[in-house]
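Protein chains get the first letters and strands the later ones, always in sequence-line order, with residue 1 at the start of each.
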There are 2 protein chains.
Amino acid sequence: MAQAGTVDRILDTAEVLFAQKGFAETSLRAITSKAGVNLAAVNYHFGSKEALIQAVFERFLTPFSAALGAKLDEMEATGTPDTPENVLGIVFRLALGTHPEDPQRAAIFFRLSGQAYSQPQGHLRDYLHKHYGAVFKRLQEHLQRAVPSVPPMELFWRVQFSLGAVIFTLSGMQSLQAISKADFDLDVSTADITRRLLPFLVGGIQADVPE
Amino acid sequence: MAQAGTVDRILDTAEVLFAQKGFAETSLRAITSKAGVNLAAVNYHFGSKEALIQAVFERFLTPFSAALGAKLDEMEATGTPDTPENVLGIVFRLALGTHPEDPQRAAIFFRLSGQAYSQPQGHLRDYLHKHYGAVFKRLQEHLQRAVPSVPPMELFWRVQFSLGAVIFTLSGMQSLQAISKADFDLDVSTADITRRLLPFLVGGIQADVPE
DNA sequence: TACAGACCCAAACGTATGTTTGAAACGTAT
DNA sequence: ATACGTTTCAAACATACGTTTGGGTCTGTA
């Protein structure tokens, strides 16, 4: 990373800082000085701060959604049954495993997603939905086959609820860890939490629909 | 509201703008000009922008947590059984009903909470935990009695997951509504979503704990 | 009427931000 | 070796922000 090109050094640093402090709270000067590049490099290579943010997401999500698509292909090819556990398990293993060399990367992934989704005007959310909505929809179709008794509209919202539970929890893990440690004197890792998440989400997604 | 005092005019306006655009993205100038008060009024009455943010939350959460405490008292007095539906139902009805005269207020409540929780450095989260952690803990104890088979540590995280699902979904409702309308051609209200949330959360909270 | 304290206001202050500039350094192919 | 497109750099620019200031206005009291 120290010997990487300017563009990658900026992306690497911006990714970490955005996840740590948010978009508005991270200045270009903070990024460039930490990355060891000139301030003007961001505008030269990306055009604007806004474009840098999008570039960070693109570098993150394009491999992820490609891998997810491949896993779904594989699932269909091998005839793996569409159960909630199988479908959600794919997503989790992927999110945790896309960068096995860097375990912190998974946390960054979730924190970044949280920042994007909770951005007020939500235009980043729209961007994500536009560029990665196709894989997302495919995932939802598999889930629908897993729980055919849940109406599509209901399932749509349950997937949103699940997204909220995942991103919200994992993007706020550092604070929650402190609380958890104070209450239970136990450290928790990202992998721990996802292990706890799976049964929760499965239980919620396949819950009975009232009346 | 037009004739209210300066302090309340600032709080009313800040509340809406913070929920709409976030804390960092909302300038004091935007607040004061929309509120029709002088720019210096914020620093005069509150001391700083940071203090204003806290004041907004205090005005929101103090009545809410008081009402929640009262409802829990009532529950214990009447001997209402501790079921997940009962406990969660209290919270939802309260969040939706604390300001019946202004239905939009519920959405603001959730959006504000989302902003607070997703704030990067999380010191607002710490503030909330410090000032309202007691009621929160009481709520969790009732839930624990509702699902005694779930270990406390597991329940702690499931409550966090639930919080995430609720806040995340409702704080991003405007974007999600657009997506939902595009996919299903149906409008959805905050009350609709909470109605869908309840079975999801109950299903997740009382799910079997593996191994 | 005179005083005092609370409140309001226009203006300025200092600082931090994203962006732009124009020249210097670099690498490469002619 | 020279010329050229690309990249880097220090510096400056314009703007927006939170905060402070000092004088003014209002209100209630003695």
Within this structure, what is the [atom1]-to-[atom2] distance between [X] and [N], rounded to whole angstrom?
X	N	atom1	atom2	value
B:Ile10	D:dT19	CD1	C1'	14 Å
B:Phe46	D:dT20	CZ	C1'	18 Å
A:Arg29	D:dC9	CZ	P	16 Å
B:Tyr44	D:dG18	OH	P	21 Å
A:Lys49	D:dA16	NZ	P	15 Å

Shortest non-hydrogen contact between A:Ile10 and A:Ala41, atoms and distance: CD1-CB, 4.0 Å
Point-to-point distance, once rounded to the nearest 0.5 Å, from NZ of A:Lys137 to CG of A:Leu139: 13.0 Å
Ring centers of B:Phe168, A:Phe161 separated by less than 6.0 Å: no
Interface limits on DNA chain C, where chain B has a heavy atom under 4.0 Å of a nucleotide atom: C:dA6 to C:dA12
Partner set under salt bridge (charged side-chain N to carboxylate O under 4.0 Å, His left out) for A:Glu76, not counting sequence neighbours: A:Arg138
Residue A:His45, side-chain atoms from C-beta onward, closest of D:dA12, D:dG18, D:dT8: D:dT8
Strand DNA chain C as a dot-bracket string - pairs counted if Watson-Crick or G-U with both distances under 3.5 Å, | where the partner lies in another strand: ||||||||||||||||||||||||||||||
Heavy-atom donor-acceptor pair, [X] side chain to [Y] backbone, under 3.5 Å:
X	Y	value
B:Glu85	B:Pro199	no
A:Arg158	A:Ile205	yes
A:Lys34	A:Leu17	no

Short side-chain donor-acceptor distance under 3.5 Å, A:Thr62 and A:Tyr132: yes
B:Phe200 and A:Phe200 aromatic ring geometry - parallel, tilted or perpendicular at 30°/60° bounds: perpendicular
Under the side-chain contact (heavy atoms from CB on, under 4.5 Å) test, residues paired with A:Val135 that sit two or more places apart: A:Ser65, A:Leu68
side-chain contact (heavy atoms from CB on, under 4.5 Å) against A:Ser33, all qualifying residues, sequence neighbours excluded: none
Sorted by number, the residues of residues 32-43 of chain A with heavy-atom contact under 4.0 Å to DNA chain D: A:Asn38, A:Ala40
